[in-house]
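Just below is one structure, and these are the notes that go with it.
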Amino acid sequence: MELLSGWGRTAATAADVVTPGDPNAVRDALASSNGRGVLPRGLGRAYGDAAQNAGGRVIDTTAMTRFLSVDVESGVARVEAGVSLDALASAMLPFGWFLPVTPGTAFVTVGGAIASDVHGKNHHRDGSFCEHVSSLVLVTPAGERLTLTPGDDLFWATAGGMGLTGVVVEATVRMTPVETAWVREDVERAANVDDCMARMEERDDAYRYSVAWIDCLARGRRLGRSVLLRGDHAARADLPAGVAPLERRRGLRVAAPPWMPSGLLRRETIAAFNELYYRRAPREERGRLVPIDPFFYPLDGVRGWNRMYGERGFLQYQFAVPFGREDAIREALERLSSRRVASFLAVLKRFGAQRGLISFPMPGWTLALDIPAGSPGLAELLDGLDSLVAEAGGRVYLAKDSRLRPELLEAMYPQLPRWRELQRSVDPDGRMRSDLSRRLGLVA
Ligand SMILES: Cc1cc2nc3c(=O)[nH]c(=O)nc-3n(C[C@H](O)[C@H](O)[C@H](O)COP(=O)(O)OP(=O)(O)OC[C@H]3O[C@@H](n4cnc5c(N)ncnc54)[C@H](O)[C@@H]3O)c2cc1C
């Protein structure tokens with residue numbers, strides 16, 4: 001048995017972990033699981049309990065890392081599900097191809113990216129990860145090996161299905177053509193959240209990538225003051241002479257110390273950081289060149305940065321609300337700032353259309369916050385935000401969740417009944433289980 005937790009390092013549980021090297025071994029691992037069920041796991045970057053299965057079996061997929069076929073002309077890669085997005089990007093960049101969608105860390109597996117149907121800064125333009133998967137191979141709990149394409153309902157139940165339809169063992173991903181490993185970024189400051197949303201509505205469509213960093217401690221007229229960061233892949237002609245266009249520049253890599261005093265990232269530190277970050281950002285700057293790594297993965301440079309929250313860990317709260325309910329974003333920021341709940345990282349994005357049955361994105365706005373666990377009054381505050389989000393027709397992100405009340409799940413995910421039907425069709429004996437699925441009653 002091994003203790004496993006999510007990236008937030010709260011509520012670890014023990015499971016029997018097996019690490020198969022190929023799909024046949026995955027089938028054996030599924031067949032021999034005990035009554036507490038079985039669950040695949042990738043690189044453990046889900047923040048909460050989505051990749052844990054207390055007392056049951058966990059199938060660690062990270063030994064399945066083969067590239068099965070790569071077409072450098074068309075940018076199509078067929079890979080095993082344990083390949084990380086980091087490895088996929090490194091392999092394909094020299095040929096002028098980048099990830100079609102990437103989350104804020106490259107250290108997630110292709111299988112994990114499918115199971116959470118992850119979104120990036122380009123959801124408003126390109127949708128989520130599974131929109132760029134032309135097929136996947138799923139090993140079902142009964143040991144069947146199914147090849148699924150976007151024409152299959154089970155594909156869209158597996159996309160965003162949190163590992164509960166079976167184990168994805170391989171996927172074919174269509175990459176995005178790029179001329180360089182750089183982004184041309186425009187930066188501007190917004191005085192408050194209304195100003196920020198107005199700027200995003202007006203000009204987001206002109207950019208492939210868009211995100212706003214929000215100071216959620218600012219209050220009054222400055223509520224939700226923000227720094228807007230938007231950009232596109234740079235062309236060769238944008239780079240100064242002598243720069244190798246497709247070379248990945250990761251910058252300085254450091255590791256967080258193994259032990260940190262609890263509460264290092266407390267409100268005062270975060271408030272000081274926010275002030276400095278906002279003031280240091282240019283009021284407006286156009287076309288600055290940034291390598292893809294610091295642009296997409298600002299935190300990947302510090303290995304184990306999640307330890308900086310100390311022993312208590314932290315949680316991420318991410319929700320989405322539909323367009324027209326901007327008031328819910330404003331109200332959430334008001335509640336957070338008035339309770340002085342500090343978030344080191346708060347980001348606002350716009351989402352476009354979405355196909356996965358229980359995938360998180362929906363056309364609208366999404367706000368994500370990292371909050372130290374154990375902040376006073378946090379449970380009550382977040383329960384209140386859940387109700388606000390549900391009433392607005394929105395939802396919280398299951399890949400980040402560790403505390404949602406189950407009674408809100410169906411309101412937040414209206415296609416849950418159809419998803420449950422499909423899930424049951426491949427798992428009639430209820431073998432796929434996770435701490436998340438038990439806590440929320442996700443599978444019927
Ligand atoms: C710093 C940071 C930034 C992030 N930014 C974003 C972001 O911008 N957008 C976003 O969408 N997410 C974001 N995330 C969340 C992360 O992308 C997802 O949680 C992703 O699923 C993690 O992949 P993983 O390989 O670590 O999977 P794990 O965390 O190990 O597992 C996550 C889920 O995937 C399932 N799973 C894993 N492998 C398989 C498989 N082979 N077959 C079937 N199911 C499987 C697991 O059962 C579990 O339910 C971020 C996380 C971190 C730590």
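Just follow the structure's listing: the first ligand is 1, and inside any ligand the first atom is 1.
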- Which residue pairs pass the ring-ring contact (aromatic ring centres under 6.0 Å, His included) test when at least one of the two sits in residues 130-168, sequence neighbours left out? none

- Item | Inter- and intrachain pairs under side chain to side chain donor-acceptor pair (under 3.5 Å), touching residues 406-421, at least two apart | Asp153-Arg418, Glu410-Arg420, Arg418-Glu421

- Message: Tell me whether the rings of Trp305 and Trp7 are parallel (<30°), tilted (30 to 60°) or perpendicular (>60°).
- Response: perpendicular

- Query: Who pairs with Phe351 by ring-ring contact (aromatic ring centres under 6.0 Å, His included), at least two apart in sequence or on another chain?
  - Reply: His119, His123, Phe360

- Task: Show the protein residues that qualify under the rule heavy atom under 4.0 Å from an atom of ligand 1, listing them in chain and number order.
- Result: Trp7, Leu39, Pro40, Arg41, Gly42, Leu43, Gly44, Arg45, Ala46, Tyr47, Ala50, Ala51, Thr61, Ala81, Pro103, Gly104, Thr105, Val108, Thr109, Gly111, Gly112, Ala115, Ser116, Val118, His119, Met162, Gly163, Gly166, Val167, Val168, Trp305, Lys349, Tyr397, Ala399, Lys400

- Would you sort out whether Arg431 and Thr140 count as a side chain to side chain contact (heavy atoms under 4.5 Å, CB included), showing the intermediate values? CA-CA 10 Å; Arg431 293 167 73 176; Thr140 69; over 6 Å; no

- Atom of Trp182, atom of Ile292 and distance for their closest heavy-atom approach: N-CG2, 4.1 Å

